[in-house]
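This report concerns only the one structure given below.
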Protein chains: 2
Amino acid sequence: MAATSQIDQQLVAELRERGLRVTPQRIVIHRALCSQSRHMTAEQVLASVSDVLPGTSLPTVYATLELLEGLGLVRRVGTGNGAVVFDSRIEPHAHTVCRRCGAIADLEGTAAPDDVLNRAGATGFVPDHAQLVVWGLCAACAATAVRS
Amino acid sequence: MAATSQIDQQLVAELRERGLRVTPQRIVIHRALCSQSRHMTAEQVLASVSDVLPGTSLPTVYATLELLEGLGLVRRVGTGNGAVVFDSRIEPHAHTVCRRCGAIADLEGTAAPDDVLNRAGATGFVPDHAQLVVWGLCAACAATAVRS
DNA sequence: ATGACTGCAAACTCTTTGCACAACA
DNA sequence: TGTTGTGCAAAGAGTTTGCAGTCAT
């Protein structure tokens with residue numbers, strides 16, 4: 001694991017600070033999430049990681065994703081159609097999900113309103129993150145749907 | 001299926017209009033979702049339905065929930081922690097999900113901003129529904145967390 | 001040296017599918 | 001009466017668990 005990039009350094013610092021071990025798998029999985037196009041499933045992470053670190057197993061991927069989520073370096077996005085993807089973008093942003101093909105895309109410049117967090121807090125709930133998912137048809141699927 | 005309530009009538013009308021059959025299972029499953037406390041899992045729906053209609057099967061519950069979702073009478077809410085629940089409230093409203101105990105609650109008076117739908121539409125995406133989920137700790141879990 | 005982490009295999013949960021029977025229209 | 005819908009059983013996908021060996025510290 002040479003060529004310690006800035007991305008890696010952040011992870012290593014977080015791990016060291018908590019007395020957790022720095023392993024090649026954790027480095028590579030974190031890199032995969034940060035560098036690849038976003039919204040990766042566990043399977044996609046494994047595929048990406050396997051190029052660099054053959055033999056890596058799916059249980060390790062899941063364990064590491066859970067760890068990274070706990071460190072706040074990765075977000076889990078659940079769409080409700082059964083798909084769960086992991087996103088390395090921490091800043092609040094919405095996602096669009098196509099009902100037909102399942103494609104997930106970022107929606108830039110759309111944060112969940114503070115209003116919602118405040119309202120949640122008023123009920124005694126302690127919010128830490130808001131996730132906004134927009135359902136519908138992506139441009140490609142909408143085009144074919146019209147034709148039918 | 002006597003005692004046709006207003007809830008039932010809406011379902012029957014929708015089914016008839018599309019040439020679909022009106023079956024006891026569909027009536028009872030729809031009633032369960034509308035009358036019970038909200039956010040039911042498929043298993044919970046089955047349990048509730050089984051009191052009235054013993055022998056009802058899980059595949060039928062899933063098929064009917066999918067049908068009702070297609071009719072717009074029920075919403076599927078995916079939280080990302082693996083739980084998928086069904087909600088009979090159609091009006092836009094947010095949900096809070098507890099990271100610790102998994103409890104799901106409604107957040108009144110919080111619709112996803114039109115802004116988001118407009119922005120999604122600007123990308124060619126055809127939105128039909130926005131789902132807003134707030135992650136954090138529910139009041140009960142937050143209280144015990146502080147204590148530790 | 002020692003204890004945490006990984007890999008393998010298997011188990012587990014949730015959901016869907018195939019097919020024969022039943023029942024709505 | 002003709003299909004559509006249901007129930008049963010089994011398959012399928014995705015994720016988690018147990019355990020032995022390995023590796024970071």
Side-chain angles (χ1 to χ4, degrees), chain A residues 1-2 4 8 11-30 32 39-47 49-50 52-71 74 76-86 102 104, chain B residues 1-2 4 8 11-30 32 39-47 49-50 52-71 74 76-86 102 104:
Chain A
M1 285 303 106
T4 305
D8 294 345
L11 171 59
V12 171
E14 286 279 1
L15 289 173
R16 288 248 151 82
E17 189 174 340
R18 311 197 187 208
L20 298 168
R21 294 192 176 170
V22 178
T23 66
Q25 289 86 350
R26 289 176 177 175
I27 299 282
V28 173
I29 288 170
H30 183 235
H39 315 130
M40 305 179 79
T41 65
E43 292 278 0
Q44 290 171 326
V45 172
L46 178 63
V49 165
S50 292
V52 182
L53 216 59
T56 304
S57 68
L58 210 35
T60 297
V61 171
Y62 279 107
T64 303
L65 289 172
E66 191 179 336
L67 176 75
L68 293 177
E69 193 192 8
L71 295 180
V74 155
R76 184 186 300 243
V77 180
T79 60
N81 60 3
V84 175
V85 296
F86 296 84
I104 300 175
Chain B
M1 287 304 107
T4 304
D8 294 345
L11 171 59
V12 171
E14 286 278 2
L15 290 173
R16 288 246 154 81
E17 189 174 337
R18 312 199 185 204
L20 299 168
R21 293 189 178 172
V22 178
T23 66
Q25 289 86 349
R26 288 175 178 176
I27 300 280
V28 173
I29 289 171
H30 183 235
H39 316 130
M40 304 178 79
T41 66
E43 292 277 0
Q44 289 172 326
V45 171
L46 178 62
V49 166
S50 292
V52 182
L53 216 61
T56 304
S57 68
L58 210 37
T60 298
V61 171
Y62 278 107
T64 304
L65 288 172
E66 190 179 337
L67 176 76
L68 293 176
E69 192 189 9
L71 295 179
V74 156
R76 186 186 300 241
V77 180
T79 61
N81 60 5
V84 175
V85 296
F86 296 85
I104 300 174

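Residue numbers begin at 1 in each chain, while the letters A, B, ... track the order of the sequences.
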When A:Ile27, A:Thr23, A:Val22 are each screened for side-chain contact (heavy atoms from CB on, under 4.5 Å) with A:Leu15, the one that passes is A:Val22
Tell me: CG of A:Leu15 to P of C:dA4, nearest whole Å?
15 Å
Roughly, in whole Å, what's the span from CG in B:Leu58 to P in D:dA11?
18 Å
What integer distance in Å separates B:Phe86:CZ from C:dC14:P?
13 Å
Could you walk me through whether B:Ile29 and B:Val45 pass the side chain to side chain contact (heavy atoms under 4.5 Å, CB included) test, one step at a time?
CA-CA 7 Å; B:Ile29 289 171; B:Val45 171; 3.9 Å; yes
Considering only heavy side-chain atoms of B:Val22, the closest of D:dT15, C:dA25, D:dG7 is C:dA25
Using the side-chain heavy atoms of A:Ala42, tell me which of these nucleotides is nearest: D:dT15, C:dC5, C:dA25.
D:dT15
For a quick test of reading the model: is some side-chain N or O of B:Gln25 closer than 4.0 Å to OP1 or OP2 of C:dA23?
no
Using atom CG of B:Leu67 as one end and atom C1' of D:dT6 as the other, report the distance to the nearest whole Å.
13 Å
What about B:Arg21: does its side chain form a donor-acceptor pair under 3.5 Å with the base of D:dT4?
yes
Atom CD of A:Glu69 and atom P of D:dT16 are separated, to the nearest Å, by 11 Å
Measure CG/A:Leu65 against P/C:dC5 and give the value in whole Å, please.
15 Å
Among C:dA25, C:dC5, D:dT6, the one nearest B:Thr60 by side-chain distance:
D:dT6
Given atom CD1 of B:Ile27 and atom P of C:dA23, what is their separation to the nearest angstrom?
16 Å
Could you tell me whether B:Thr56 contacts a base, only the sugar-phosphate backbone, or nothing, with contacts defined as non-hydrogen atoms closer than 4.0 Å?
sugar-phosphate
Pairwise 5' ranking along DNA chain D for A:Pro59 and B:Gly55, keeping only the more 5' one:
B:Gly55
Ranking D:dT6, C:dC5, C:dC8 by distance to the side chain of B:Thr23, first place goes to D:dT6
How long is the line joining CG of A:Leu46 and C1' of C:dC8, in whole Å?
13 Å
